[in-house]
Each structure stands twice: as C-alpha cells, then as structure tokens.
Amino acid sequence: MKKRKGRFKITMNINLKITLLVFSFLFLFIIIKLAYVVLSDNVDGINLTEFANNRNTTKQTLYASRGSIYDVNGDELAKNVKSYTVIAYLSSSRTTNEKKPEHVVDPEGTAKALAPIIHMSEEAILKLLSQKLYQVELGPGGRGITEDTKKQIEDLELPGISFITSMKRFYKNKSYASYLVGYARSDDSGEIKGQMGVESYYDDLLKGTDGYTEYQQDAAGYPMPNTQITKEAESGADIYLTINNNIQLILENVLTKLKNEHSLEWAQFSVMDAKTGAIVGSATVPNFDLNTLKGITSYLNPLTSYQYEPGSTMKIFSFMAAIENGIYKGDDTFQSGHIILNDGTRINDFNNVGWGTINYDTGFSYSSNVAATKLALNLGVSKLKDFYETCGFGKKTGITLPSESIGSINFNYESELANASFGQGMSVTPIQMLQALSSLVNDGIMIKPYIVSKVVNSKGEIIQSGQREEVGRVASVTTISRMKKMMYDVVYNGFSYNKGYAPSNVTIAGKTGTAQIASPKGGYLTGEYDYIKSFAGFFPYEDPQYVLYFSTKQLVSSSADIMQVVSSTIGEIAKVMSIQDNSSDETVQKVVIMNNYISQQLDSSLEDLKKLQLNPIVLGEGSHVISQYPKVGSSVLQKSKVFLLTNDTTYKMPDVIGWSTNDLIRFCNMIGLSYHMNGYGKVVSTNIEAGSIIDLNVPLEIQLGI
C-alpha cells in the first residue's frame, strides 16, 4: 500500500509540474503579447492608436429635405424630387445563376434599347459598356433621369442595368419667374445648394438642419448593441413669394411675344402692389429653363442687379424736387429747343428744335430736357442730389434678393446736374424705380418693396412674414397730387400718340423714358436702336392699386410696339384682378390705329374718321389731305382730335375753347402760326374769334385756365 501511495504521489508531482509549466508558458505568452500591444501601434491589422482615439465610433449624416418655394396662392414653384442615375454592371462575377444574369450580357442590344430613352447615341453607350470595369455610369444622358424615364428602362428588363437614387431640384414651370425663383444644384457631396434668386438668398432656411446616426462598432466593423444615438434631420422651411400667378403669366407672355417678334438685348417688366410694396410680378427676357439652365445669358437679375441710365422717367423726380422746394410754377413759360450752359455745353430737347415758347407743365408732358435743365439749375446740385437720395436712389432697397446694385447719383458740375435732371450721367435699378414710384401712390410716403410673403418652418410655424414697411416721407401731399396730375396729362393730354399707352378699360398715369447707352470707349453709342426705353406709371389713376416699370435695351422696334406692351399688360391685369375704373366714359375709350389719309379725298377721310369715332379738325378748305396728325399707325383713343391739313392755305379759326395746350400747339405748328400762352390748364380764350380767317402774321394769344 505504501508503494502504491508513493507511486501516486510521484504521478501527482509530475502532473503538477506539467500543469505549472503550461501555466508558466501561457503567462509568459500573455506578458509578451501585452508588451507587444503596449509597444506596437498596429495589432492584427488594427491601428490601436486610431482605434482608441476614435473609440471605434461611426457617424452617418442624415440629410435634411430642402424646403419648397410657392407663389402667393400656394402653387408650387420649386421642390425636391427623386433623381436617378443609370448604371451598368459589366463584371460577370455578379452573376451566380446564368438563367438570371446580373451583368450586361448583350452590350450591342443594351445600347440600342437605351439610346432613344436616355438621348445618347448607340456608339457612345456601347463604348461605355465595353470597358473592363465592374460597373459604369451611363452619362451624361443617364444622369438625373426622372421617375417616368426610370420606369421606361425598367420595363425593358435589361440584364445588368440598375439605378442609383438621389435627390434633385425640380421646377415644374421651367422658365417661369426664373430670375426671381433662382435655381439650386447638388454639389460634389450631394448637398443641394441655392445658386441664384430666392434659392440662393434663403439657402440657409431652405436647406434645413442635417441630422446624424452615431454608433460604436467592434473591431470587425459590426455595430455594438445599445450604442446607437440618432438625431433626426429637420426639413427646410417653405418660402411663399408675393408673386401672383395671374399677373406673372401676363408679364411672361407679353415679353416672350416681344422677344419673338423683335430683336433686343433684354427687357424687364415688373409690377408692385401700390399699398404694400409686394412684388406681384416680375418677368425678364431672355429667361431660362431652371431645370436645365438652357437659355441663360446672365446670372444677374435685371430687377435688382442691372443698373443703367434711366432717361426721362427721372423727370418725375427732378420736377418733384422743384415742386417740393417751392420753385416750380407750371404756367411760367420758357423757350424750348435748346439751352447753352455756362461751360458751353448745349442741351437739346429730344427733337432738337423744341415746340416754341411753352410753359413748364407742357414741358413735362412733352418731356422737355430744356425744362428739366432750367429747373435743376435753379435747384442746384445739393438740393437735387438730396431729393434723389430721399427717393432711395444711390443705395440698396434691401429687398431679399442677392446681388442688389446701388446705382450712382454722383453729379457735381453744371453739365452733370443738367444731365441728371433728365436721367443721363447717372444710373438706377428697376427695383429702385419701383420703390421711388411708391411715394406717388401713398401720399408722399415711400414704401419698401418685398418679394417674400411668408416663411413657414417644418412645424408649420410662420417664422417670417412680409408686410408694408414705410421708408419715409419723400414729398408733401400737395406735391404728390400735382405730379400725379402731370403724369396723367402725359398720357391723355400730352403727345397724341402717348394715348397708345392707355388701355381701354382703366385710366393710368405715367412717364416715358429714352436713354442713350454709355459706350465702353467713352461717350454714348450712336446706333439707331442704341437706347434703353422705359415706361413708369401706376393704375388706376383715381385709386392706384399697382405701380409698374417697364424697360428694354436695344429693342429693334418702334415706340408703337412698346405702347402695345404696356397698354395690353395693364388692360389684362385690370381684367383678371377685377379692377373697376371710376373714371368717366369720356376718358376710358377704345384704342384705334390711325389710317393713312394723306393724298386721300377730304370727304372720304372725314367719313372714315366718323366711323372710328375720332374728332377731325380740318385745316384749310382744300379737297385733298396733304398732311395728318397723329401719323399713320399711331394708337389713339376714340374721341381724340385728328388734324387734317388740306391743299389750301386759307385757314379758319376753329373753336379751341377747352382744348389742351398740346392740341393747340399741334394746330399752330401745322399751319405755321406763332403763339403766346398765359396761365395754366386748358384754353379759356384767344385773340382770334372762332370761324374767322387766320392772319399768319398775327401771333395767337392764348389764355389758359382751370
């Protein structure tokens, strides 16, 4: 028994020693491994330093959905939609079942089937499909395709053809209000960013706030349980513009027609709510497709970024300055035609000869540069510049659109002062003109224009809203009342052809402008059509609802076409917005186009004019017409006077009581009769009795009154 115990004891000792030895080796191995881990940066292919620093955390961005843009009535103008890129798997390694191939097995057939759908040639697609790559994008035609196009391709069931899904900006109305809405595009990271217009100015609000998902993973890359943290993305805000769809479409259509029928560099037509300052429409040609950018010629919005010499529309404000400063007397007379300044500069009226001796009210109706110059010289540089600044010229309006220009009203010398009085040698923007014109329809208070009606966040809360904002008083109510009447007279009592600006269903007030275009080489361009032509006004005259400003550069056309643009636009807006005109039937008449009566018999001419409801004034007792006014093709209102000069020089004095000064001046000029005017308003008496033979050697003395 003792021997057995001894053998068992020996065996136990041996086993113990072996066990201790194994544990010793394991312990030594662990020590060595720990030392290796401590001393090494890379273990089993894992960078431990980087692993420790990052705590093996993975973070994925959850991109926010970009907000939409709407018009004032909630019609969608811009939104995010799914976009797809066509890809082709070329490697046969993708296919595990030959009966269901997952790579392109027939490159020629695939190219032929896809070519008409993605608008690429078969050769171009086949070249892409013939590369030794795992997969390839079928671009450019296969990039950014729509859901419908994707469906067409899927129906073909082409092996190896698949899609990558992304988001893109979509504009259903394409070129509608393109410079106002602007556009947004995806950058290299896939984020959609605004590039122009409202898309750019409100980019931070539209894009929203990205979220994220964060979790820890093990060394093999698998997510570790209970480590995920998610912050949801917050969608971008929706922007509601002040644009009225009905008005915007009228503007878009009339400018598109103008561009299609005539050559021009650009044209813009903008309309603002007279009471609030909301921009209810603003169209431009050339415009461009917001989805493709096809047709884009400029990345600047003409409404806010084009600055140019305005021409005679600026007389609205130089005459206002004279009235407001108490130096204006409308019935004072001056010699029109030209004026020589102290430095020898000659200022001409636009027709170079003028209209004889006329008063300043008539000078405004006739757009006399001489009248504007004389008033400006009496005002002086400081007072005129101060008034222009009060009207907002030379500084930004602050409208929420990108790249607004400030224009320039930097004039100092006498000749510069003269030029500035009729809108040359200085520059403005259309949005500045609209803001300044707002003072005329708000009793002298100028209001700030705005383009955004409201901004609504992802929770449905209104976080911004547009509303009437008064900039300040420009002029007294008395000054404004007088200027409004003078602008009314431009259209209805000025040159007869100016009546072509007036629609048949509403009365308006306005002022035309024609400005030379500065040459890059100095001076001005001298071509027949090298002008910027414009019209500024408001309607209805009795209770203004809208302010408008139209301008165009290098339009190869006549003034009659501009009249048609303005009158048809105003008429259509008045119609669709149900504006009721409170004027009398005498002022709201149908517009007719003048026929040719020259070389025609007087009797037949009078009969035709009677049918057109026009009022003929016959000059001389001849049987044939040798001259007429208005000229052939002019737009005139029914009941307007038409002067017919006959082949006889014996002239009888018509009954001119109640005539406007413009009609009387036209009458005198056609027969070569000199005249002198006194007073203001319409004709109340003359020194020649109605019906008597006129002696052309005796000047006509005219007394005006209200």
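From a predicted model like this one, the values you see are computed outputs, not experimental measurements. Numbers for residues simply follow the sequence, beginning at 1.
Remark: the backbone N or O of Thr569 is not paired with any side-chain donor or acceptor of Glu572 at under 3.5 angstrom. A donor-acceptor pair is defined here as one N or O able to donate and one able to accept, closer than 3.5 Å; such a pair exists between the side chain of Gln545 and the backbone of Asp543. With hydrogens and angles disregarded, no donor-acceptor distance shorter than 3.5 Å links the side chain of Ser200 to the backbone of Gly197. Asp273 places no side-chain N or O within 3.5 Å of a backbone atom of Gly277 that could act as its donor or acceptor partner. The main-chain N or O of Gly407 is never found under 3.5 Å from a side-chain atom of Ser405 such that the two would form a donor-acceptor pair. Side-chain N or O atoms of Asn442 include one that pairs as donor or acceptor with a backbone N or O of Ala274 at under 3.5 Å. Distance alone, capped at 3.5 Å, is enough to place a donor-acceptor pair between the Ser438 side chain and the Ile447 backbone. With hydrogens and angles disregarded, no donor-acceptor distance shorter than 3.5 Å links the side chain of Asn291 to the backbone of Lys174. Under a 3.5 Å cut-off, the side chain of Thr242 and the backbone N or O of Ile451 do form a donor-acceptor pair.
Between Lys150 and Glu154 a salt bridge is recorded (basic side-chain N to carboxylate O distance below 4.0 Å). Electrostatic pairing of Lys193 and Asp187 counts as a salt bridge here, judged by a charged N lying under 4.0 Å from a carboxylate O. The existence of a salt bridge linking Lys100 and Glu102 is excluded, since no basic side-chain nitrogen approaches an acidic carboxylate oxygen closer than 4.0 Å.
In this structure, the separation between OG on Ser178 and CG on Asn173 is 11.5 Å, given to the nearest 0.5 Å. In this structure, Ile125 CD1 and Lys112 NZ are separated by 13.0 Å, a value rounded to the nearest 0.5 Å. Taken from CG in Leu303 to CG in Asn301, the straight-line distance is 5.0 Å, to the nearest 0.5 Å. The CG atom of Leu77 sits 9.5 Å away from atom OG of Ser68, with the distance rounded to the nearest 0.5 Å. Rounded to the nearest 0.5 Å, atoms CG (Asn73) and CG (Asn246) are 7.5 Å apart. With values rounded to the nearest 0.5 angstrom, Leu241 atom CG is found 8.5 Å from Ser453 atom OG.
Judged by distance alone, the side chains of Thr400 and Tyr202 do bring a donor and an acceptor atom under 3.5 Å apart. Between the side chains of Thr149 and Thr146, at least one donor-acceptor pair of N or O atoms lies under 3.5 Å. Ser458 and Ser235 share no side-chain donor-acceptor pair at under 3.5 Å. Side-chain N/O atoms of Glu404 and Thr397 include a donor and acceptor closer than 3.5 Å.
With a 4.5 Å cut-off on side-chain heavy atoms, Gln464 and Leu205 count as touching. The shortest side-chain heavy-atom distance between Ile117 and Leu156 falls under the 4.5 Å cut-off. Under the 4.5 Å side-chain criterion, counting only non-hydrogen atoms from C-beta, Glu389 is in contact with Ile409. Counting heavy atoms from C-beta outward, Leu548 and Phe535 have side chains that approach closer than 4.5 Å. Annotation: side chain of Phe550 is not in contact with side chain of Ser534 (no heavy-atom distance under 4.5 Å). Side chains of Asp71 and Tyr240 form no contact here, defined as non-hydrogen atoms less than 4.5 Å apart. Using a 4.5 Å heavy-atom threshold, the side chains of Gln152 and Asp155 count as separate. A heavy-atom distance below 4.5 Å is found between the side chains of Glu252 and Asn287.
Residue Gln195 comes nearest to Arg185 through the heavy atom pair CG-N, 4.3 Å, listed as atom of the first residue, atom of the second, then distance. Taking each heavy atom of Thr429 and Thr304 in turn, the nearest pair found is CG2-O, 3.8 Å. Here the closest non-hydrogen pair linking Pro101 and Pro159 is O-CB, 3.8 Å. Between Thr209 and Ala64 the shortest heavy-atom distance is O-CB, 3.5 Å. For the pair Ile243 and Gln248, the tightest heavy-atom approach, listed with the atom from each and the gap, is CG2-CB, 3.7 Å. Taking all atoms of both residues into account, the shortest heavy-atom contact from Leu138 to Met120 is O-SD, 3.9 Å.
The distance between the ring centers of Phe317 and Phe393 falls below 6.0 angstrom. When ring centroids are compared, Tyr546 and Phe539 come within the 6.0 Å threshold. Ring centroid separation for the pair Phe288 and Tyr179 comes in under the 6.0 Å cut-off.
At least one test fails for Lys79 against the ring of Phe170: distance under 6.0 Å to the centre or angle within 45° of the axis.
Around atom NZ of Lys275, more than 12 heavy atoms belonging to other residues, nucleotides or ligands sit under 6.0 Å away.
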Practice item. Please lay out, stage by stage, how Lys82 and Glu147 fare under the test salt bridge (charged side-chain N to carboxylate O under 4.0 Å, His left out). Key: CA-CA 7 Å; Lys82 284 185 178 180; Glu147 192 82 46; over 6 Å; no
Exercise for review: Show your working on side chain to side chain contact (heavy atoms under 4.5 Å, CB included) between Ile87 and Val136 and close with a plain yes or no.
Suggested key: CA-CA 6 Å; Ile87 62 170; Val136 65; over 6 Å; no
Exercise for review: May I have the step-by-step check of side chain to side chain contact (heavy atoms under 4.5 Å, CB included) for Leu434 and Met272, ending in yes or no?
Suggested key: CA-CA 7 Å; Leu434 287 170; Met272 184 176 76; 4.2 Å; yes
Exercise for review: Give the intermediate values and the outcome of side chain to side chain contact (heavy atoms under 4.5 Å, CB included) for residues Arg468 and Tyr450.
Suggested key: CA-CA 8 Å; Arg468 175 186 171 101; Tyr450 65 96; 5.7 Å; no
Practice item. Decide yes or no on side chain to side chain donor-acceptor pair (under 3.5 Å) for Gln268 and Thr284, but give the supporting numbers first. Key: CA-CA 4 Å; Gln268 72 79 38; Thr284 297; 5.9 Å; no
Exercise for review: I would like to know whether Ser551 and Tyr308 meet side chain to side chain donor-acceptor pair (under 3.5 Å); could you show each step before the answer?
Suggested key: CA-CA 10 Å; Ser551 56; Tyr308 49 83; 2.8 Å; yes
Exercise for review: Might you work through the side chain to side chain donor-acceptor pair (under 3.5 Å) test for Ser92 and His103, ending with a clear yes or no?
Suggested key: CA-CA 6 Å; Ser92 60; His103 73 287; 5.1 Å; no
**Study point:** side chain to side chain contact (heavy atoms under 4.5 Å, CB included) assessment of Ile399 paired with Gln432
**Key:** CA-CA 10 Å; Ile399 190 170; Gln432 288 175 337; over 6 Å; no
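Screening Asp289, Leu290, Thr292, Ile69 against Tyr171 for a side chain to side chain contact (heavy atoms under 4.5 Å, CB included) leaves a single residue, Leu290.
Pairs of residues two or more places apart, or lying in two chains, that qualify as salt bridge (Lys or Arg N to Asp or Glu O under 4.0 Å) and include a residue from residues 156-172 are Arg169-Glu199.
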